Amino acid sequence: MRHRPHTLAAGCALAAALLTAPLALAAPASAEAARAATSAPAAETPAADAPIGTQPRADFDGDGRTDVASAAPSATVGGQERAGYVSVVHGSGRHQTITAAAPAGGAAFGGATAARDLDGDGRTDLAVQDRTAVVVHWGSAQGLSAEATPLPATARAGGFPLTEGDFDGDGHADLVARDSDPDAEWGQLRVLYGPFDRAGAPARSSGLTTGRTFEPTGLAADDITGDGRDDLVTTHAFEEMSESSLFWAGTASGLSTSAKSLPDAAAATIGDVDKDGRGDLVIRTVPGGVVENLPYDAGTIKVLYGTASGPSTTRTSTLTQSSAGVPGASEDGDQFGYALAAGDVNGDGYADIAAGVPYEDLSGAAGGGKDAGSAVLLKGGASGLTGTGAKAYHQDTAGVPGVAEAGDRFGASVALPPGLGLVAGAPDEDTAAGQGSGAVWLRLGVSGTYAVNPGDIGAPAPGAAFGTYLR
């Protein structure tokens, strides 16, 4: 019997958004009656010559406006606990809520997603994963198809994790997922090379043997070597101990089948923070190599700068909340870097890094402020990633809707969609829609910050933990 890892290593896609009508973060009268109303989102501010680490925009209906896909894998759907759903808010303001054809308890539908144009028709498609399978909702003029296309059994892809890239540089999107074949080697992955046909079949596929007992705890993909092909980094753990991360180079024939060992990591993202044309690997380190120490960790971010042969293990830098310019203080249990994302916020050509700090205690916040959470935006520059110009955001930051409260875990997920500034999720946020409904904040650090929760889009709310994963 193949055992499952203890950690759900997945991210839900938060592609980017431009809404034409305001979406307010509602508040329960008992705790947040004074919550400020949100204003209509401002126009996007696209960056020219976006650096490595900037994800493609999502446009599911092909109308030229950017759409949002966000998931609530913990939500109860049709009476099934933790069945999960995915919601999409289109640039036109309309929305869709997508569930599995037969919602199943514990399936965590939406626990991982990938938003790319898989069939090459010019519209973004959404691959959605639950604990056992991957399905595709195709983009169309009406938005995502309500009926999903399961990937064929021959693809052998299912279960967490999932990511996307272009690993052979042919211009078609590829997917990487866990190998669902019960006879597959332990820890094996499947690489599905595009384009995909409307039956969900990839042009070709291959296996990737990690040599580990469990599948990766996380995946990060982008061009680290600067050759125009995406590379893959996998992070690993075995029970209470972390294991070395692995770097898989993209080649003309796809991902290399041999890997280079890298430092252990609890989270990872890739972005060109020094604008040298190569992606830099940014990780959260594991204290003492013991996964069980992570909840008590202040948090350290390490940058392994990109080279033609992969992430450097000699040219590196580290940041904590005690580093010059980084907001906050490095305190036990904060978990600085719990979530990481890359993108170019100000369009200067340097990738910036968002670091979630969901267990940050905020003095003066409601309920004592324990684990209210925050998100820190670290700026790339000629010297790489430093604390210069860094800024923290939370619900008590001026202009940010809501009120910081104990246990919200703001910053448990972060994203930097093109043109939309920093996006952060607070999965334990209570709103008028229900306790633990969760919420997502967009456009932090740029004009027009606003928030979205399940009540705004008519989706299941109580206990949904909306905003648990973003990408």
Side-chain angles (χ1 to χ4, degrees), residues 5 7-13 53 55-56 110-119 125-136 150-181 184-196 200-212 214-225 229-236 245-260 262 265 267-270 279 281 310-311 342 469 471:
T7 303
L8 177 64
C12 82
Q55 295 299 307
T113 61
R116 288 288 177 95
D117 180 6
L118 297 176
D119 59 357
D125 309 303
L126 190 69
V128 184
Q129 196 170 44
D130 66 15
R131 292 188 183 276
T132 60
V134 180
V135 300
V136 178
L151 294 189
T154 52
R156 292 170 41 181
F160 305 120
L162 173 73
T163 197
E164 74 279 2
D166 180 6
F167 304 111
D168 54 8
D170 66 353
H172 297 294
D174 312 318
L175 296 177
V176 179
R178 181 179 68 85
D179 194 322
S180 61
D181 188 335
E185 293 187 38
W186 293 73
Q188 181 149 317
L189 299 173
R190 292 297 288 175
V191 187
L192 311 179
Y193 293 96
F196 291 71
R204 61 189 178 94
S205 63
S206 63
L208 204 64
T209 302
T210 67
R212 302 297 171 79
F214 296 145
E215 55 267 25
T217 58
L219 306 172
D222 218 312
D223 184 7
I224 293 177
T225 61
R229 304 180 184 98
D230 287 336
D231 310 302
L232 179 70
V233 173
T234 59
T235 62
H236 299 270
S245 304
L246 298 174
F247 166 76
W248 311 83
T251 74
S253 58
L255 285 174
S256 171
T257 57
S258 61
K260 172 184 177 181
L262 298 172
T269 192
I270 299 168
L281 178 63
Y469 305 117
R471 187 167 62 194

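In what follows, every heavy atom counts, from backbone to side chain, and hydrogens, waters and symmetry copies are set aside. Values in this document were obtained by computation on a predicted structure and should not be read as measured data. In this chain, residues are counted from 1 in sequence order.
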Exercise. Which heavy atom of Q129 sits nearest a heavy atom of A177, and at what distance?
Worked result: NE2-CB, 3.9 Å
Problem set entry | Stepwise side-chain contact (heavy atoms from CB on, under 4.5 Å) test for L189 and T234 | CA-CA 10 Å; L189 299 173; T234 59; 4.1 Å; yes
For this session: Please check if the side chain of T210 supplies one atom and the backbone of G187 the other of a donor-acceptor pair under 3.5 Å.
Result: yes
For this session: Give, for atom CD1 of I224 and atom CG of L232, the distance between the pair rounded to the nearest 0.5 Å.
Result: 9.0 Å
Exercise. Quick one: does T209's side chain have a donor or acceptor within less than 3.5 Å of a partner on G211's backbone?
Worked result: no
Problem set entry | Distance in Å, W248 CH2 paired with K260 NZ, rounded so as to fall on 0.5 Å steps | 14.0 Å
Exercise. Taking only residues at least two apart or on different chains, which pairs with a member in residues 167-177 satisfy side chain to side chain donor-acceptor pair (under 3.5 Å)?
Worked result: D168-R204
Exercise. Atom CD1 of I270 and atom CG of D222: how far apart are they, to the nearest 0.5 Å?
Worked result: 5.5 Å
Problem set entry | Non-hydrogen atoms of A268 and A220 that approach each other most closely | O-CB, 4.1 Å
Problem set entry | L208 to L255 - nearest heavy-atom pair and separation | CD2-CD1, 4.2 Å
Exercise. Partners of R229 by side chain to side chain contact (heavy atoms under 4.5 Å, CB included), sequence neighbours excluded?
Worked result: D227, A252
For this session: List the atom of V135, the atom of P150, and the distance in Å for their closest heavy-atom pair.
Result: CG1-CA, 3.8 Å
Problem set entry | Donor-acceptor contact below 3.5 Å, side chain T235 vs main chain G218 | yes
Exercise. Do you know the tightest heavy-atom contact between P216 and H236?
Worked result: CG-CE1, 3.7 Å
Exercise. Short question: side chain of D179, backbone of Q188 - any donor-acceptor pair under 3.5 Å?
Worked result: no
Problem set entry | Contact summary for L151 and G200, nearest pair of heavy atoms | CD2-O, 3.2 Å
Exercise. To the nearest 0.5 Å, how far apart are CG in D117 and CG in L126?
Worked result: 12.5 Å
Exercise. Under 3.5 Å, is there a donor-acceptor pair between the side chain of D230 and the main chain of F167?
Worked result: no
Problem set entry | Main-chain N/O of G158 paired with R178 side-chain donor or acceptor, under 3.5 Å | yes
For this session: Rounded to the nearest 0.5 Å, what's the gap from CG on L175 to CG on L219? Could you check?
Result: 11.0 Å
Exercise. Is the shortest heavy-atom distance from the side chain of R212 to the side chain of L246 under 4.5 Å?
Worked result: yes
For this session: Supply the atom-to-atom distance F160 CZ to E215 CD, rounded to the nearest 0.5 angstrom.
Result: 10.5 Å
